[in-house]
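Below is one structure, written out as C-alpha cells; the observations come after it.
Throughout, protein chains are lettered first and strands after them, A, B, ... in sequence-line order, and every chain is numbered starting at 1.
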Protein chains: 2
Amino acid sequence: MSKSLPAVITTLERAGGFASAQEVFQLMRKQGKPTGLATVYRALQKAATDNTVDVIRKDDGEALYRLCATGHHHHLVCTSCGKTVEVEGSAVEKWANSVAKNNGFKKVSHVVELFGLCQKC
Amino acid sequence: MSKSLPAVITTLERAGGFASAQEVFQLMRKQGKPTGLATVYRALQKAATDNTVDVIRKDDGEALYRLCATGHHHHLVCTSCGKTVEVEGSAVEKWANSVAKNNGFKKVSHVVELFGLCQKC
DNA sequence: AATGATATTGATAATCATTATCATTTTATG
DNA sequence: CATAAAATGATAATGATTATCAATATCATT
C-alpha cells in the first residue's frame, strides 16, 4: 500500500496547510495524477498512523490532514475568532501512557484540545 | 427551541460522561421520554453554542457531548467493548493552564479523552 | 375562551464524508 | 515466464448529521 503514498504526501505538501481527503483527491486529479478516492483515504490513514501527518477535525466533523514536521502536538483554539496555536504536548503523552498502563490498557490514543479566548477577543 | 432542552440535558447528566447524539436519543426513548432525533440534535447544538456542554470527536468523527460543569475528570475508554474508567487529571489541568498563559489565552477549558484496548479485548 | 402569530417538534428524506467490496491491475519473487 | 501477493479504483454501502415541512404547542391579545 505504497505506490500512491508518496504522491499523496507530495500533494499534501503542495497544498500548504491543512487539506481534507476530498481536497487532496481533487488536487491530484488537477495535477495530472488522478488517483482513486479509496486510495487517497488509504494513504492518508497510513500516514496518520505512521505519524507523518496530523489529523484534526473541522467543526462539521470532516477530517483535515497536514504534514507533520514537528511531531505530535495539540491545538489551542480561540472560541471567538478561531485562531489556532500549535502546542507541544510531551507532558500529556507521558501522562496518557502512564494512566493507560495503570489500567491495563494498550494501544492508547488520546484527544487533547484546548479552548479559550485569545488576547484580541 | 427549549421545551426539549432540559430533558436532553438531564439525560446527558444521567449518562454520566460523554454521550453521542444517537445515544442520547436512545436513552430518552428508554426512559419514557421519546424525542425526535432532530430535536435531540438541535438541543445539543444549542447547548454547545451556549457552552453548557463540551463537544469532542471520536476517532471516526462522531461528536460526543458532555455537561460542562460536572466535576473535572477524564475518561479512558476501551474502543472495543466501551468499558470506561474515570481518570484524575490534575497534571493535565496544570499543563493546560500554563500553556494558555504562555499564549495569552484566557478562560481556558480543555478536552482530554483517552482511548485504547482494555485487558479483556 | 377564541383568534392568530410565532416557535417547536418530529417523521422523513437528503447530504456527504468515510468505509467496505471486489474485480482488475501491478509488483515482486521464484 | 508464471504465479502469488499486494495495490488500485470504480462502485456500492454505511451512518452521522442536516434540511424539509406539515402538524402541534405556546402565548399574547381581544
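Annotation: the span from Q45(A) atom CD to R42(A) atom CZ amounts to 9.0 Å, rounded to 0.5 Å. Distance check: Y65(A) OH to L12(A) CG gives 10.0 Å after rounding to the nearest 0.5 Å. Atom CD of E23(B) sits about 7.0 Å away from atom CG of L64(B), to the nearest 0.5 Å. To the nearest 0.5 Å, atoms NZ (K46(A)) and CD1 (I9(A)) are separated by 10.0 Å.
Counting to the nearest Å, the P atom of dT9(C) and the CZ atom of F25(B) are 15 Å from each other. In this structure, L5(A) places its CG atom 17 Å from C1' of dT26(C), rounding to the nearest Å. As a whole-Å value, the separation of Q26(A) CD from dG9(D) P is 15 Å. Rounded to whole Å, the distance from CZ on R29(A) to C1' on dG9(D) is 11 Å. Rounded to an integer number of Å, the gap from K3(B) NZ to dG10(C) C1' is 12 Å.
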Summary of protein contacts for nucleotides 15-20 of chain D, nucleotide by nucleotide, where a base hit scores B, a sugar-phosphate-only hit scores S (4.0 Å, heavy atoms) | -SBBB-
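For L37(B), the side chain to side chain contact (heavy atoms under 4.5 Å, CB included) partners at least two apart in sequence or on another chain are Q22(B), F25(B), Y41(B). Partners of L27(B) under the side chain to side chain contact (heavy atoms under 4.5 Å, CB included) rule, at least two apart in sequence or in another chain, are T11(B), A15(B), Q31(B).
Remark: dA11(C) base-pairs with dT20(D). Criterion, Watson-Crick or G-U wobble with two distances under 3.5 Å.
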